[in-house]
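Accompanying notes for the structure given below.
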There are 2 protein chains.
Amino acid sequence: MDKKSPIKITLTERDESVTITQWVYQTLRSAVMYGEILPGRVLTIRELAGILDVSPMPVREALRQLAAENALEIQGNRRVMVPKMTAMKFNELCEARIAIESHAAARALPYIDNDRLEQLRSLDSMIDQAQEEENLDQISILNQNFHRALYTANPHQVTLPLIESLWLQLGPFMRMATSELEEHYLVDRHNEAMSAIERKDAYALQMAIAADIREGIAFAGTPEMLHTFIENSGH
Amino acid sequence: MDKKSPIKITLTERDESVTITQWVYQTLRSAVMYGEILPGRVLTIRELAGILDVSPMPVREALRQLAAENALEIQGNRRVMVPKMTAMKFNELCEARIAIESHAAARALPYIDNDRLEQLRSLDSMIDQAQEEENLDQISILNQNFHRALYTANPHQVTLPLIESLWLQLGPFMRMATSELEEHYLVDRHNEAMSAIERKDAYALQMAIAADIREGIAFAGTPEMLHTFIENSGH
DNA sequence: CTTTATTGTTTGTGATCACAAAAGCGTGAT
DNA sequence: ATCACGCTTTTGTGATCACAAACAATAAAG
């Protein structure tokens, strides 16, 4: 019997064309991203291997990869855990997102063609729809897709892996906060971003992206709420 | 007999307190960073295990970690190689460095105390000395240490892993270019940075960092030279 | 001479095992 | 109660093996 809280991981069917390591990686990545594993929780290779019903080997490789992406943390004792959060670190992650993503957006702008514009418009309207339905999970996923679609317009783009690393680190806490929020209040900044893109106005786009990120944080909860989750995540 | 060019990797004595995987990781990381492995070169687990005289297992883990840090690239065929470079990608990496590092510098500035200032001054003077001796390797290492010491003044810093990833991706090409340069012409921007730090002038510091990075690139070679190396790295 | 089939080899993936270090745990002393 | 010590169990690390997919090279056919 585990003394620690039992881990409940959402399992998906494994595609035969994908290696076991890749499947384990994606599964654990989602689990971390969606806060299914509490920060501070110690992960052992054998335990995860048992839960996922695979041998320890693919788990080892997936854990090392996630640690390299800063999604997990390897302590001096060689134990792996989901990193704990502090209010200051949370703030640093948000500011880093703004700095890097507004840069990536500006660098992508000149490459946005009609196809890409159409794709962004489509995502934008899907987000509007998800907001009416108040489907928080869907909003979160579509929002990521929107940002990704924007940045990857730049064919020589090199920052997306770095951005995804930041998303991974923020993920658990965004989720923990939003899941407790009944009333949420969200101004859609994507419309502003779309307008800036159509006008090819790099500065306005950067402002819209920055505002979107900031309000995504505010959407996640007030600083006090966040503080509560962060403090409680330790024990 | 290998059909591909033989790999010559600088080996260091392995500290007993360090795991084999960590030692392999650091060894391969240095080899990539210093351009000892040519971009495009396919790396196999067993070959590296033979060169480093370890079993394939630690090599597997080190390769996966380096790939997660974008130092290596895993192709669809599951083969691992040092990523090839293009002029556009090189430019994107430089611009990403400027955006992220100037951000990190500004965020670190309020935390710089006397001890840190002294450390930075010491590194600054060591760089001056290395420049007089025209010791390119030493300059490069000290320059990295200077940047690291600056950014890590912020105790809640989260961007250093991202910055190091960019350094790793640029490393081979900086090296390849500098090694061919006889005449080099370098204005020391660290003095400007030091001055900005002492005045607690965030904007000036960002400008100095940006200039330092840009001139580090220029120092690496003219765009034409770089182009030569990039094109030749394919075959 | 070029192209396609086929065979032999190399390589990554994944499973299993051995071992030393770390963690947990009960016992006893202060 | 609290801490220290010795014992048992758990855990990460690393080595070795089996296997299927990818690759390379040769042979056959156009």
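Protein chains get the first letters and strands the later ones, always in sequence-line order, with residue 1 at the start of each.
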Can you pull the side chain to side chain donor-acceptor pair (under 3.5 Å) pairs that have at least one residue in residues 57-67 of chain A, sequence neighbours excluded?
R60(A)-E61(B), E61(A)-R60(B), E61(A)-R64(B), R64(A)-E61(B), R64(A)-Q65(B), Q65(A)-R64(B)
Test: salt bridge (charged side-chain N to carboxylate O under 4.0 Å, His left out). Region: residues 149-166 of chain A. Which pairs qualify, not counting sequence neighbours?
R29(A)-E164(A), R148(A)-E164(A)
Reading nucleotides 8-17 of chain C 5' to 3', which nucleotides get B (base under 4.0 Å from a protein heavy atom), which S (sugar-phosphate only), which -?
---BBBBBB-
Check: residues 103-113 of chain A side-chain donor-acceptor pairs under 3.5 Å, at least two apart:
unit_1, atom_1, unit_2, atom_2, d
R107(A), NH1, E92(B), OE2, 3.0
D113(A), OD1, D115(A), N, 3.4
D113(A), OD1, R116(A), N, 2.9

Report the residues that fulfil side chain to side chain donor-acceptor pair (under 3.5 Å) with R121(A), sequence neighbours left out, ordered by chain and then residue number.
E198(A)
Identify, with sequence neighbours excluded, every residue that meets salt bridge (Lys or Arg N to Asp or Glu O under 4.0 Å) alongside E13(A).
none
Restricting to side chain to side chain donor-acceptor pair (under 3.5 Å), what partner residues turn up for T19(B), sequence neighbours left out?
Q22(B)
D15(B): what forms a side chain to side chain donor-acceptor pair (under 3.5 Å) with it, not counting sequence neighbours?
S17(B)
How large an angle, rounded to 10°, do the end axes of the helix from dC1(C)-dG30(D) to dT30(C)-dA1(D) enclose when each is built from five base pairs?
20°
